[in-house]
Amino acid sequence: MTKIGILALQGDFDAHGRRMAQLGAQAVEVRKMEQLGQIDGLVIPGGESSVFLHLLGEKGFQHLSEFVLSRPVFGTCAGCILLAREVENPAQKGIGALDVTVRRNAYGRQIDSTILTGPSLLGLEPLEQVYIRAPRIERTGPTVEVLASRDGHAVLVRQGKVLAATFHPELSEDPRVHGEFLRMVENERH
Ligand code: GLN
């Protein structure tokens, strides 16, 4: 059975675990970096990216950066910020596995949470997108595949083994984004 780790330092890791279980994968909450050796792929959930950095510390950040090179990783919202090459508002370090520039809390305070639906490359049905104090991807590098966008900005992207969304697919009923990630993980295992 495919084992998916959900980084459970803070944030909304629960919903990701439930979705992975629904899709037939085994979800494991990852609290210690030593657990990374036992999983086939990792989800970095939403939360506060600055708090993640603080809780990870220098060592945890190094471990995570190494893991991202070897196995598929899916980041949502704060997870997307952590994976980015460049972070703005304010500037903060990122793992750099995803060649994007991301602006934190880019939609301002009034409209900080919103639900939209839009097209995506995951199928004909429009994709629901739940945004919570969301970042905005301001730049995507040439090898970044854009799977969905909002107002001309990428919101679901893939680069190699890294998948990232600026919204929260774990809060929608639609399982397609997690399903796509599981496919990436299964392809790597074979
Ligand atoms: N605003 C958060 C940050 O900048 C991200 C919000 C989220 O993950 N829902 O890290």
Side-chain angles (χ1 to χ4, degrees), residues 4-23 25 27-30 36 39-53 55-56 64 67-68 71-85 87 92 94-107 112-118 120-122 127-138 140 144-150 153-185:
I4 303 293
I6 320 283
L7 192 64
L9 298 178
Q10 61 124 203
D12 67 336
F13 48 86
D14 246 27
H16 282 289
R18 282 197 299 273
R19 179 59 48 82
M20 287 302 180
Q22 248 172 34
L23 291 171
V28 190
E29 289 180 6
V30 171
L36 292 176
I39 55 174
D40 302 308
L42 178 73
V43 175
I44 309 180
E48 253 338 287
S49 53
S50 51
V51 177
F52 270 115
L53 284 176
L55 293 172
L56 281 166
L64 202 55
F67 181 84
V68 176
R71 295 265 196 295
V73 176
F74 173 31
T76 56
C77 205
C80 172
I81 298 170
L82 280 180
L83 290 165
R85 175 163 294 175
V87 181
Q92 141 185 312
I95 290 171
L98 192 59
D99 184 13
V100 299
T101 303
V102 128
R103 186 171 178 79
R104 296 178 64 196
N105 301 309
Y107 295 97
D112 55 6
S113 298
T114 184
I115 302 179
L116 303 174
T117 41
S120 81
L121 295 186
L122 298 184
L127 186 67
E128 183 178 85
Q129 298 150 24
V130 179
Y131 293 93
I132 304 171
R133 299 196 312 106
R136 186 169 61 209
I137 295 177
E138 305 284 4
T140 50
V144 175
E145 191 187 346
V146 178
L147 302 176
S149 7
R150 163 186 179 183
H153 291 272
V155 295
L156 179 63
V157 291
R158 172 163 51 204
Q159 184 177 18
K161 292 193 281 285
V162 178
L163 181 70
T166 60
F167 57 96
H168 289 263
E170 77 283 7
L171 299 180
S172 297
E173 298 281 301
D174 191 332
R176 281 179 292 169
V177 180
H178 289 79
E180 185 64 23
F181 180 61
L182 274 182
R183 252 193 305 282
M184 289 165 62
V185 173

Basic-acidic side-chain contact under 4.0 Å: Arg176, Glu128:
no
Between atom [atom1] of [X] and atom [atom2] of [Y], what is the distance when rounded to the nearest 0.5 Å?
{"X": "Ser49", "Y": "Asn105", "atom1": "OG", "atom2": "CG", "answer": "8.0 Å"}
{"X": "Leu171", "Y": "Gln129", "atom1": "CG", "atom2": "CD", "answer": "13.0 Å"}
{"X": "Thr117", "Y": "Leu127", "atom1": "OG1", "atom2": "CG", "answer": "9.0 Å"}
{"X": "Ile39", "Y": "Phe67", "atom1": "CD1", "atom2": "CZ", "answer": "4.0 Å"}

Could you walk me through whether Arg133 and Cys77 pass the side-chain contact (heavy atoms from CB on, under 4.5 Å) check?
CA-CA 9 Å; Arg133 299 196 312 106; Cys77 205; over 6 Å; no
Taking the six-membered ring of Tyr107, is NZ or CZ of Arg136 closer than 6.0 Å to its centre and within 45° of its axis?
yes
For Tyr131, is the NZ or CZ atom of Arg150 found under 6.0 angstrom from the centre of its six-membered ring and inside 45 degrees of the ring axis?
yes
Please evaluate residues Arg104 and Ile81 with respect to the criterion side-chain contact (heavy atoms from CB on, under 4.5 Å), reporting the C-alpha separation (whole Å), side-chain torsions for both, the decisive distance (0.1 Å), and the verdict.
CA-CA 8 Å; Arg104 296 178 64 196; Ile81 298 170; 3.8 Å; yes
Report the residues that fulfil side-chain contact (heavy atoms from CB on, under 4.5 Å) with [X], sequence neighbours left out, ordered by chain and then residue number.
{"X": "Leu53", "answer": "Phe61, Leu82, Gln92, Lys93"}
{"X": "Ala154", "answer": "Ile137, Thr140, Val146, Val157"}
{"X": "Glu180", "answer": "Leu122, Arg158, Arg183"}

Keeping Arg19 on the side-chain end and Asp174 on the backbone end, is there a donor-acceptor pair under 3.5 Å?
yes
Keeping Gln159 on the side-chain end and Asp99 on the backbone end, is there a donor-acceptor pair under 3.5 Å?
yes
Min side-chain heavy-atom separation [X]-[Y] under 4.5 Å:
{"X": "Thr76", "Y": "Glu170", "answer": "yes"}
{"X": "Asp14", "Y": "Asp12", "answer": "no"}
{"X": "Arg103", "Y": "Thr101", "answer": "no"}

Quickly, which of Leu42, Ile6, Ile4, Val43 forms a side chain to side chain contact (heavy atoms under 4.5 Å, CB included) with Val30? Name it, please.
Leu42
Kindly assign one of parallel, tilted or perpendicular to the pair Phe74 and Phe181, based on the angle between their ring planes and the thresholds 30° and 60°.
tilted
Would you kindly say whether His153 and Thr166 are connected by a side-chain donor-acceptor distance under 3.5 Å?
no
